[in-house]
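Reading through the structure tokens given below for one structure.
A note on names: the letters A, B, ... follow the listed sequences, proteins ahead of strands, and every chain is numbered from 1.
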Amino acid sequence: KAGVTQTPRYLIKTRGQQVTLSCSPISGHRSVSWYQQTPGQGLQFLFEYFSETQRNKGNFPGRFSGRQFSNSRSEMNVSTLELGDSALYLCASSSDRGYTDTQYFGPGTRLTVL
Amino acid sequence: AQSVTQLGSHVSVSEGALVLLRCNYSSSVPPYLFWYVQYPNQGLQLLLKYTSAATLVKGINGFEAEFKKSETSFHLTKPSAHMSDAAEYFCAVSDDGGFKTIFGAGTRLFVKA
């Protein structure tokens with residue numbers, strides 16, 4: 001089975017721009033979670049989607065949004081970028097997201113905001 | 001609410017020595033605990049997970065962890081470190097019903113030749 005794929009792998013934007021990141025889960029997985037990883041804050045949960053529905057979200061401003069499509073692919077969008085949004089954004093998929101389920105992570109998208 | 005504390009942001013061991021990475025959790029319900037490893041410029045890879053079936057959990061690459069409820073700990077060990085074990089390790093707890101995983105701050109493992 002192919003793993004979780006994320007595109008693009010690297011991205012450079014300037015303050016005020018917006019960005020869209022994409023995540024394709026493992027085939028058959030219906031749950032997709034997004035995390036932000038920074039040296040200062042570590043891994044922080046952004047949101048989780050299951051069958052196109054957001055089931056939980058972390059403590060991020062409304063500039064961070066996401067969605068999931070019927071084929072389980074997911075996108076996250078960050079509007080009005082700030083310097084502090086520079087981070088590695090990780091996507092993880094699991095079959096259902098029962099809390100014993102293993103999450104499989106993609107390689108991440110490294111976003112740099114200048 | 002669940003939380004995870006990893007003791008020591010950096011741990012350095014010699015090749016062949018015991019690896020011990022510490023993790024303590026806080027949970028009001030039986031926890032589901034995980035250890036992940038992250039190599040540079042990569043995503044996270046599951047090493048092992050505890051789901052109450054057995055207190056001693058064996059994972060990949062020779063790692064294992066023991067769940068100790070009395071100590072609220074889930075420390076990760078490996079008898080003999082390899083150079084290839086140098087990476088960052090994350091302990092995590094799964095939020096019960098909240099559909100999210102809470103990660104510790106991570107411990108970077110250095111292995112000296």
For this session: Inspect the surroundings of CZ in A:Arg63 and state if more than 12 heavy atoms from other residues, nucleotides or ligands are less than 6.0 Å away.
Result: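 Enclosed.
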Exercise. Got more than 12 heavy atoms from elsewhere within 6.0 Å of CG, A:Asn71?
Worked result: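 Buried by this count: over 12 neighbours within 6.0 Å.
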Counting only heavy atoms closer than 4.5 Å, note whether [X] contacts chain A via side chain, backbone, both or neither.
{"X": "B:Gln45", "result": "neither"}
{"X": "B:Leu46", "result": "side chain"}
{"X": "B:Tyr50", "result": "neither"}

Exercise. In terms of heavy-atom pairs under 4.5 Å, which option from B:Gly43, B:Gly104, B:Ala105 contacts chain A the most?
Worked result: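 The candidate making the most pairs under 4.5 Å is B:Gly43.
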Exercise. Counting only N and O atoms by type, is there a donor-acceptor contact under 3.5 Å from the side chain of B:Gln6 to the main-chain atoms of B:Cys23?
Worked result: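 Looks like no, no N/O pair under 3.5 Å.
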Exercise. Which value, rounded to the nearest 0.5 Å, describes the distance between A:Gln36 atom CD and A:Met76 atom CE?
Worked result: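 The distance works out to 7.5 Å.
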For this session: With a 4.5 angstrom heavy-atom cut-off, could you sort out which part of A:Gln41 is near chain B: side chain, backbone, both or neither?
Result: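 For A:Gln41, there is no contact with chain B at all, as no heavy atom is under 4.5 Å.
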Problem set entry | Pair A:Phe105-B:Tyr36, ring pair (Phe, Tyr, Trp, His ring centres under 6.0 Å): steps then yes or no | CA-CA 10 Å; A:Phe105 283 80; B:Tyr36 286 88; 5.4 Å; yes
